[in-house]
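In what follows, a structure is listed as structure tokens, so that the remarks can point back to it.
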Amino acid sequence: MPAQQAIELIPRDKLVIVPPNFELYRKTSDYIHSIFGEVTGNYQSVALDEAYLDVTVNKLNEPNTLKVANYIQQKIVRETHLTCSVGISYNKFLAKMASDYRKPFGRTIILGQYAEDFLRPIPIEKFNGIGKAMQKKLHDMDIYTGGDLQNLDQDVFINTFGKMGYVMFRRVHGIDDAPVEGHRVRKSIGRERTYNQNLVLNEQIEKELKFLADLVGKDLKKQRQHGKTVVLKLRNSDFETVTKRMTFQDYVQDKGEIYRIAKEIYDKLDISDQKIRLLGITLTNLDPLSYEEVSLKLFTSEGNK
DNA sequence: GCACATCTA
DNA sequence: CTCCTAGATGTGC
């Protein structure tokens, strides 16, 4: 992983638009994740630049977690010139909250006896798991901080927010059982596009559906998966979103087939008068190709990509 | 159990 | 109403 000079002398008074470089991000991310793998066999990637590491026991044989964090941070900054923040605690939720506490190059540790104290002053919008919708409801109830949440009854949480309420009730009291999940199984593969100009003509819509079906088909093949359900997603010019799906007995993988199914769902909707802002196609009900299917494809030299 | 909408990251 | 991808959950049938 060669060090990359991403930032040059940028004039302070000018807005400079830097084009994205996803290849570099992917490569850098892979490298950083390889460092995680060097530290522990049990880590969960959650984004290009984020992961949960279970370092209860670790490959460095280092019981001091602050030293483990230091090792990771130093190595990343040395090799990539990027900084990162680390949060350390006894569960994933608190570790995440801790990592947000000091950025961009911080280390924060939350010990069990201080968990509730730590959360008390934090505004609810910073809580992992509380999004826009929950926030609004809570603000309407005059609840703004972790401390406000801690004063609520479990019943109120559950009655207002269901299962998520139960999870959040425990979290604000420092309890979270979510395991570090090393490799998670992919459950859907999909693509969507928002168009600069709303689509009106059937011709355009067919073209875009073909394009999306193509992308999804390619991804399926690359990941050696096929699925039984095709989901079509549409959003019109009024931002109304619908999804419609068709499930089959047999697996679908071919892009032509995906397109035909998506088109069929679209035609059934009978909305050719609407201006389409977004189209999406997703395959779910996924399963990996069997060994036989994979070897057949390789044998017929159709495989890969 | 499926279809669909909504919420969250 | 940034846009995109994906998972989880609630609701209705």
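Small disclaimer: the values here were computed from a predicted structure and weren't measured. Numbers restart at 1 for each chain; the letters A, B, ... are given by sequence-line order, proteins then strands.
In this structure, A/Val46 reaches neither bases nor backbone, as no heavy-atom distance under 4.0 Å exists between it and the strands shown. Counting non-hydrogen atoms under 4.0 angstrom, A/Thr247 reaches the backbone sugars and phosphates but no base. The residue A/Arg235 sits apart from the nucleic acid: no heavy atom pair falls under 4.0 Å. Using a 4.0 Å heavy-atom distance criterion, A/Gly280 is classed as making no nucleic acid contact.
The stretch residues 148-166 of chain A touches DNA chain C through A/Gly162, A/Lys163, each having a heavy atom within less than 4.0 Å of the strand.
Taking CD of A/Gln135 as the reference point, atom CG of A/Asp140 lies at 11.0 Å (rounded to 0.5 Å).
Cation-pi geometry between A/Lys228 and A/Phe248 is not met at under 6.0 angstrom from the ring centre and within 45 degrees of the axis.
The NZ-C1' distance, from A/Lys244 to B/dA5, rounds to 10 Å in whole Å. Distance A/Leu234 CG to B/dC4 P: 12 Å, rounded to the nearest Å. Distance A/Arg245 CZ to B/dC2 P: 10 Å, rounded to the nearest Å. Nucleotide B/dA3 holds its P atom 12 Å from the NZ atom of A/Lys228, rounded to whole Å. Summarising the geometry, the separation between CD1 on A/Ile130 and P on B/dT8 is reported as 9 Å, rounded to the nearest angstrom. Summarising the geometry, the separation between CG on A/Leu269 and P on B/dA3 is reported as 14 Å, rounded to the nearest angstrom. The CZ atom of A/Phe248 sits 15 Å away from the P atom of B/dC2 (whole-angstrom rounding). Residue A/Asn128 contributes atom CG, which lies 18 Å from atom P of B/dC7 at whole-angstrom precision.
Side-chain contact, A/His173 with A/Glu116: a donor N or O sits under 3.5 Å from an acceptor N or O. Inspection of the A/Tyr251 and A/Asp287 side chains reveals an N or O donor paired with an N or O acceptor under 3.5 Å.
A salt bridge links A/Glu181 with A/Arg184; the closest basic N to acidic carboxylate O contact falls under 4.0 Å.
With sequence neighbours left out, the side-chain hydrogen bond (donor to acceptor under 3.5 Å, both in side chains) criterion links A/Tyr166 to A/Arg170.
If you take atom C1' in C/dC1 and the same atom in B/dT6, they sit 16 Å apart, rounded to whole Å.
Aromatic ring pairs are classed by plane angle as parallel below 30°, tilted from 30° to 60° and perpendicular above 60°; the pair A/Tyr43 and A/His33 is tilted. Under the 30°/60° scheme for interplanar angles, the aromatic rings of A/Phe157 and A/Phe161 are found to be tilted.
Of all nucleotides in DNA chain C having an atom under 4.0 Å from a heavy atom of chain A, the first and last in 5' to 3' order are C/dC1 to C/dG10.
Phosphate proximity of B/dC2 to A/Thr229: absent, as no side-chain N or O sits under 4.0 Å from OP1 or OP2.
Aromatic ring centroids of A/Phe118 and A/Tyr101 lie under 6.0 Å apart.
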